[in-house]
Amino acid sequence: MDLDFTEDELQRYSRHILLREVGAIGQAKLRAARVLVVGAGGLGSPLALYLAAAGVGTLGLVDHDVLELSNLQRQVAHATARIGQRKVDSAAEALRGLNPEVKLELHPRRMDAAAARELIPQYDVICDGTDNFPTRFLLGDACHLLGKPLVSAAVLRFEGQLSVFRAHEGAPHPCHRCLNPEPPPPGLVPSCSEAGVLGAVVGVMGTLQATEVLKLVMNIGEGMSGRLLLWDALDARFRTVRLRRDPACALCGEHATIHDLSAHGA
């Protein structure tokens, strides 16, 4: 591991290096890490900003969308002057301005099965910053099958949830299908564009995602695998629910039936 830091790096990351749990070795791990952020919107914005600020060496951004005015209430990596740009390009401008030392890999494409098979193996940690169930289930299945940890968050109205899925490492880690075996029927759960969302709630959950990624890369603290964090912003209440591996799970169970991404159009 390369522990040779420039004077600028020592100054930039000095508050990290002062932490006994991080130090120079932890900062070097961050610099060597490759993290993929899927979705450059409400969750992906604070997530990518804090990962860049922390010195994660390579950040991949996946998003096929363009920036709209309605995004700016919560997607804080973007700016009014960049409306109409591709989100990955707009986010990259903010990230380069924050930390030009971070290498950015931009993927202006939809995260489908082909993209999952191509991109996920290239990174150490995958982050789900998406806002729809098909993509969430695709990422959960793909990360398990390809052996990558998935840091996942979701937000609706005034509530958020967070977990980390590492079932590919074996028991006792559960996978995302141990929590939700199947996507809900279409129309059952409204989207943010239908039900609304408080922008600051998305910011908190994206920042919590970034924290879990940093802990995972540096192997410090207790991670969220096997636990689900639930936050009700209106009541200012956090609670944690224990997740258990399901022996009958179709993805990670003893008699798993999901062995590829064919259900996702692969």
Side-chain angles (χ1 to χ4, degrees), residues 12 30 33-120 122-136 138-139 142 150-157 160 190-210 213-214:
R12 181 183 289 272
L30 294 177
R34 295 176 54 83
V35 177
L36 183 67
V37 176
V38 183
L43 291 167
S45 287
L47 169 57
L49 286 169
Y50 270 106
L51 294 180
V56 169
T58 302
L59 281 178
L61 301 178
V62 183
D63 201 306
H64 70 285
D65 210 354
V66 298
L67 186 64
E68 300 177 356
L69 180 60
S70 62
N71 301 145
L72 298 178
Q73 162 256 11
R74 63 202 176 280
Q75 300 183 17
V76 294
H78 306 294
T80 302
R82 300 200 290 273
I83 289 174
Q85 289 187 17
R86 298 186 306 188
K87 285 187 180 179
V88 291
D89 296 327
S90 173
E93 185 172 335
L95 296 173
R96 291 188 182 107
L98 178 62
N99 189 350
E101 300 300 322
V102 173
K103 179 183 178 182
L104 299 178
E105 297 178 346
L106 307 183
H107 308 286
R109 60 189 294 188
R110 187 181 298 275
M111 176 53 77
D112 55 17
R117 289 197 308 270
E118 177 186 341
L119 297 177
I120 287 175
Q122 301 179 32
Y123 294 88
D124 304 315
V125 181
I126 313 301
C127 305
D128 179 5
T130 64
D131 61 358
N132 64 87
F133 286 105
T135 309
R136 289 184 176 280
L138 166 63
L139 288 174
L150 176 65
V151 180
S152 178
V155 177
L156 185 65
R157 292 175 53 83
S191 65
C192 289
S193 62
E194 296 168 328
V197 63
L198 189 68
V201 175
V202 186
V204 170
M205 299 311 300
T207 303
L208 287 171
Q209 271 187 288
V213 172
L214 300 179

If I compare all heavy atoms of [X] with all of [Y], which pair ends up nearest, and what's the gap?
X	Y	value
Leu36	Leu61	CD1-N, 4.4 Å
Pro46	Thr207	CB-OG1, 4.0 Å
Asn71	Val66	OD1-O, 3.9 Å
Thr130	Arg136	O-NH2, 2.7 Å
Leu138	Ala116	CD1-CB, 4.3 Å
Asn132	Thr135	OD1-OG1, 2.7 Å

Ignoring hydrogens and angles, write down the donor-acceptor pairs under 3.5 Å from the side chains of residues 77-85, residues two or more places apart or on other chains.
unit_1: His78; atom_1: ND1; unit_2: Ser90; atom_2: OG; d: 2.7
unit_1: His78; atom_1: NE2; unit_2: Ala40; atom_2: O; d: 2.8
unit_1: Arg82; atom_1: NE; unit_2: Ser90; atom_2: O; d: 3.3
unit_1: Arg82; atom_1: NE; unit_2: Ser90; atom_2: OG; d: 2.8
unit_1: Arg82; atom_1: NH2; unit_2: Ala77; atom_2: O; d: 2.9
unit_1: Arg82; atom_1: NH2; unit_2: Ser90; atom_2: O; d: 3.4

Is there a side-chain contact between [X] and [Y], using heavy atoms and a 4.5 Å cut-off?
X	Y	answer
Leu156	Cys192	yes
Leu49	Leu95	yes
Cys127	Val35	yes
Leu30	Leu51	no

Backbone N/O of [Y] and side chain of [X]: donor-acceptor pair under 3.5 Å:
X	Y	answer
Arg12	Ala53	no
Gln209	Val151	yes
Asn99	Ala52	yes

Residue pairs fulfilling salt bridge (charged side-chain N to carboxylate O under 4.0 Å, His left out) with at least one residue in residues 33-49, sequence neighbours excluded: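 Qualifying pairs: Arg34-Glu105.
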
Straight-line distance of [X] [atom1] to [Y] [atom2], nearest 0.5 Å:
X	Y	atom1	atom2	value
Ile120	Leu139	CD1	CG	5.5 Å
Arg109	Glu118	CZ	CD	4.5 Å
Arg74	Leu43	CZ	CG	10.0 Å
Ser70	Gln75	OG	CD	8.0 Å

For Tyr123, is the OH atom crowded, meaning more than 12 foreign heavy atoms sit under 6.0 Å from it?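 Yes, enclosed.
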
Identify the residue among Met111, Arg110, Arg86, Lys87 that makes a side-chain contact (heavy atoms from CB on, under 4.5 Å) with Asp63.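 The side-chain contact (heavy atoms from CB on, under 4.5 Å) with Asp63 is passed solely by Lys87 among Met111, Arg110, Arg86, Lys87.
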
